[in-house]
K.L.:
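The structure is given below, and queries will be raised subsequently.
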Number of protein chains: 2
Amino acid sequence: MPNNQFKKGELYSFMTGKASTAIARRLQKNMKHGGIEITVEQWSVLYHLWKNDGLSQQELCNATFRDKPSITRLVDNLEKLKLVKRVASKNDRRINQVFLTEQGRKLEEETMMVANNTLNEALIGVPADRVDICKEVLQIVYDNLK
Amino acid sequence: MPNNQFKKGELYSFMTGKASTAIARRLQKNMKHGGIEITVEQWSVLYHLWKNDGLSQQELCNATFRDKPSITRLVDNLEKLKLVKRVASKNDRRINQVFLTEQGRKLEEETMMVANNTLNEALIGVPADRVDICKEVLQIVYDNLK
DNA sequence: GGCATATAGTTGTTTATGCAACTACTCAAA
DNA sequence: TTTGAGTAGTTGCATAAACAACTATATGCC
């Protein structure tokens with residue numbers, strides 16, 4: 001028994017993620033404006049390495065919710081930009097660990113500041129308790145479907 | 001003065017739209033499983049034509065929050081699939097109106113049913129009033145950034 | 001040890017996106 | 001009536017995504 005109805009197109013934006021598209025575009029624009037020459041997708045990989053350097057590509061797949069080919073090519077491009085380096089694991093030769101370079105580490109502070117500012121632009125006029133509810137709903141949706 | 005802080009990565013999912021990615025993937029999977037051979041992006045264009053046939057490409061840009069090249073190519077592909085047809089406007093020869101074909105119209109009922117079911121899968125365990133709050137927050141975010 | 005199965009990662013193909021540069025058409029003002 | 005600004009749409013290029021097919025390595029069972 002459905003607990004919600006998709007009526008009158010009011011949930012179109014919800015389903016198509018117009019808000020998150022808008023956030024990604026603004027983040028991209030703000031990074032470019034700040035002289036940070038990476039894509040938002042590359043940012044999402046670096047983000048997890050800043051928290052936890054040396055993740056394997058598979059762990060990056062799980063963390064970023066991207067498939068293996070996507071991570072292969074994102075890491076390819078980040079390597080070309082000299083921001084990360086693949087290191088074959090000694091224990092398990094199937095695994096590449098991905099490590100930040102000095103250059104990659106240096107990006108963290110500035111880039112996270114831009115991300116933080118972008119989020120604040122996005123949330124102007126939204127009470128914090130409503131943001132929390134929204135986050136919870138999106139987390140449940142993600143858990144339902146992932 | 002920032003009204004929210006981007007702390008401890010808790011808003012990573014919010015910013016990167018993991019929930020809407022999950023919805024889009026599930027919708028794609030459900031359509032394929034139901035024998036509907038279109039992409040979710042093509043669905044988003046057809047959706048607006050079902051509500052309002054004959055929109056111009058520019059109007060489709062506004063409705064779907066995509067840029068002009070994206071709509072050009074989505075309409076290209078929908079035309080190849082014989083689901084829509086471009087018709088040059090008589091009043092203003094710059095404008096293409098996009099009309100559904102009989103085949104395009106026939107997809108509506110089944111496809112909207114699949115979309116509705118997908119949404120219900122996504123929202124299992126979420127009280128309706130929380131969905132409403134989430135929608136409102138996302139609408140404000142979109143309006144802040146669009 | 002050897003084989004089946006699973007896991008990590010890569011490659012190929014099609015579709016989609018963002019941005020910039022371009023063509024074609026419209027409209028209004030000199 | 002011409003010209004110049006604005007609008008609608010297309011094309012080119014780089015990046016990214018989904019899916020399937022592939023290689024290489026690891027592991028567990030006989």
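First the proteins, then the strands, lettered A, B, ... as listed; each starts at 1.
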K.L.:
Between P on C:dA6 and NZ on A:Lys68, what's the gap in Å once rounded to a whole number?
P.N.:
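Those two atoms, NZ and P, are 13 Å apart.
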K.L.:
Rounded to the nearest Å, what distance is computed from the CH2 atom of residue A:Trp43 to the P atom of nucleotide D:dA16?
P.N.:
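Whole-Å distance recorded here is 14 Å.
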K.L.:
Taking only side-chain nitrogens and oxygens of A:Gln97, does any of them come within less than 4.0 Å of OP1 or OP2 of C:dA8?
P.N.:
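The answer is no; no side-chain N or O of A:Gln97 sits under 4.0 Å from OP1 or OP2.
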K.L.:
Quick one: is A:Ser70 getting a side-chain N or O under 4.0 Å of the D:dA17 phosphate, OP1 or OP2?
P.N.:
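Answer yes for this pair, as a side-chain N or O of A:Ser70 is under 4.0 Å from OP1 or OP2.
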K.L.:
Is any side-chain heavy atom of B:Trp50 less than 4.5 Å from a side-chain heavy atom of B:Met112?
P.N.:
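They are in contact (side-chain heavy atoms under 4.5 Å apart), so the answer is yes.
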K.L.:
Taking only side-chain N and O atoms of B:Asn77, does any of them lie within less than 4.0 angstrom of OP1 or OP2 on C:dT14?
P.N.:
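Result: no.
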K.L.:
Please state how far atom CD in A:Glu37 lies from atom C1' in C:dC19, giving the value in whole angstrom units.
P.N.:
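That distance rounds to 13 Å.
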K.L.:
Which of these nucleotides, C:dA16, D:dG9, C:dA8, is closest to any side-chain atom of B:Glu41?
P.N.:
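The nucleotide sitting nearest to the side chain is C:dA16.
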K.L.:
To the side chain of A:Pro69, which of D:dA26, D:dA17, C:dG12 is closest?
P.N.:
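It is C:dG12.
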K.L.:
Do the side-chain N or O atoms of A:Gln28 get closer than 4.0 angstrom to the phosphate oxygens (OP1, OP2) of D:dT15?
P.N.:
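Answer no for this pair, as no side-chain N or O of A:Gln28 is under 4.0 Å from OP1 or OP2.
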K.L.:
Side chain of B:Thr72 only, heavy atoms from C-beta on: which candidate in D:dC19, D:dT11, D:dA8 is closest?
P.N.:
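Between D:dC19, D:dT11, D:dA8, the one nearest the side chain of B:Thr72 would be D:dT11.
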K.L.:
Starting from C1' on D:dA14, measure out to CG on A:Leu81 and report it in whole angstrom.
P.N.:
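Taking CG of A:Leu81 and C1' of D:dA14, I get 12 Å after rounding.
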K.L.:
When you check the gap from the basic side-chain N to the acidic O, do B:Glu79 and B:Lys85 get nearer than 4.0 Å?
P.N.:
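Answer for the salt bridge query: no.
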K.L.:
Is the positively charged end of A:Arg86 above the ring of A:Phe99, judged by distance under 6.0 angstrom from the centroid and angle within 45° of the axis?
P.N.:
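The answer is no; the distance or angle limit is not met.
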K.L.:
Testing B:Glu59, B:Gln58, B:Arg66 for side-chain hydrogen bond (donor to acceptor under 3.5 Å, both in side chains) with B:Asn62, which one passes?
P.N.:
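Single side-chain hydrogen bond (donor to acceptor under 3.5 Å, both in side chains) partner of B:Asn62 among B:Glu59, B:Gln58, B:Arg66: B:Gln58.
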K.L.:
Nearest-Å distance, CG (A:Leu83) to P (D:dT15)?
P.N.:
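Between P of D:dT15 and CG of A:Leu83: 13 Å.
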K.L.:
Take atom CG of A:Leu60 and atom P of C:dA8, then tell me their distance rounded to the nearest Å.
P.N.:
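These atoms are roughly 13 Å apart.
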K.L.:
May I ask you to say what B:Asp92 touches in the nucleic acid, namely base, sugar-phosphate or nothing, with a heavy-atom cut-off under 4.0 Å?
P.N.:
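Sugar-phosphate: the residue B:Asp92, judged by heavy atoms under 4.0 Å, touches backbone atoms but no base.
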K.L.:
Which is true for A:Thr39 with a 4.0 Å heavy-atom rule: it touches a base, it touches only sugar-phosphate, or it touches nothing?
P.N.:
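Sugar-phosphate contact only - A:Thr39 comes under 4.0 Å of backbone atoms but never of a base.
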K.L.:
Expressed as a whole number of angstroms, how long is the span from B:Gln42:CD to C:dT14:C1'?
P.N.:
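Spelled out: CD on B:Gln42 to C1' on C:dT14 is 11 Å.
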K.L.:
Categorize B:Ile71 for me: base, sugar-phosphate, or nothing, with a 4.0 angstrom heavy-atom threshold over every strand shown.
P.N.:
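Answer is nothing: B:Ile71 stays at 4.0 Å or more from every strand.
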K.L.:
Indicate whether OP1 or OP2 belonging to D:dT7 is found under 4.0 Å from a side-chain N or O atom of B:Gln57.
P.N.:
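Result: no.
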K.L.:
Can you find a donor-acceptor pair, distance only, under 3.5 Å between A:Arg94 side chain and C:dT7 base?
P.N.:
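Check passes, donor-acceptor contact within cut-off.
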K.L.:
Between A:Asp132 and A:Lys135, is there a side-chain N and carboxylate O pair less than 4.0 Å apart?
P.N.:
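The answer is yes: the pair qualifies as a salt bridge.
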K.L.:
Toward the 5' end of DNA chain C, which comes first, A:Gln58 or A:Thr21, by nearest nucleotide?
P.N.:
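Nearest-nucleotide comparison on DNA chain C picks A:Gln58.
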K.L.:
Under a plain distance cut-off of 3.5 Å, with no hydrogens placed, do A:Glu41 and A:Asn77 share a side-chain donor-acceptor pair?
P.N.:
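No - no donor-acceptor pair under 3.5 Å links their side chains.
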K.L.:
Just to confirm, is there a sub-4.0 Å distance from OP1 or OP2 of D:dA17 to any side-chain nitrogen or oxygen of A:Arg66?
P.N.:
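Result: yes.
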K.L.:
Heavy atoms under 4.0 Å, any strand shown: does A:Asn96 hit a base, just sugar-phosphate, or nothing?
P.N.:
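Touches sugar-phosphate only.
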K.L.:
How many Å lie between CG on B:Asp67 and C1' on C:dC22, as a whole number?
P.N.:
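To the nearest whole Å, that distance equals 15 Å.
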K.L.:
Of the listed nucleotides (D:dG9, C:dA8, C:dG18), which one gets closest to any side-chain atom of A:Arg25?
P.N.:
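Output: C:dG18.
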K.L.:
Nearest to the A:Arg73 side chain among D:dG9, D:dC19, C:dC25, which nucleotide is it?
P.N.:
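Looking only at heavy atoms from C-beta outward on A:Arg73, the closest nucleotide is D:dC19.
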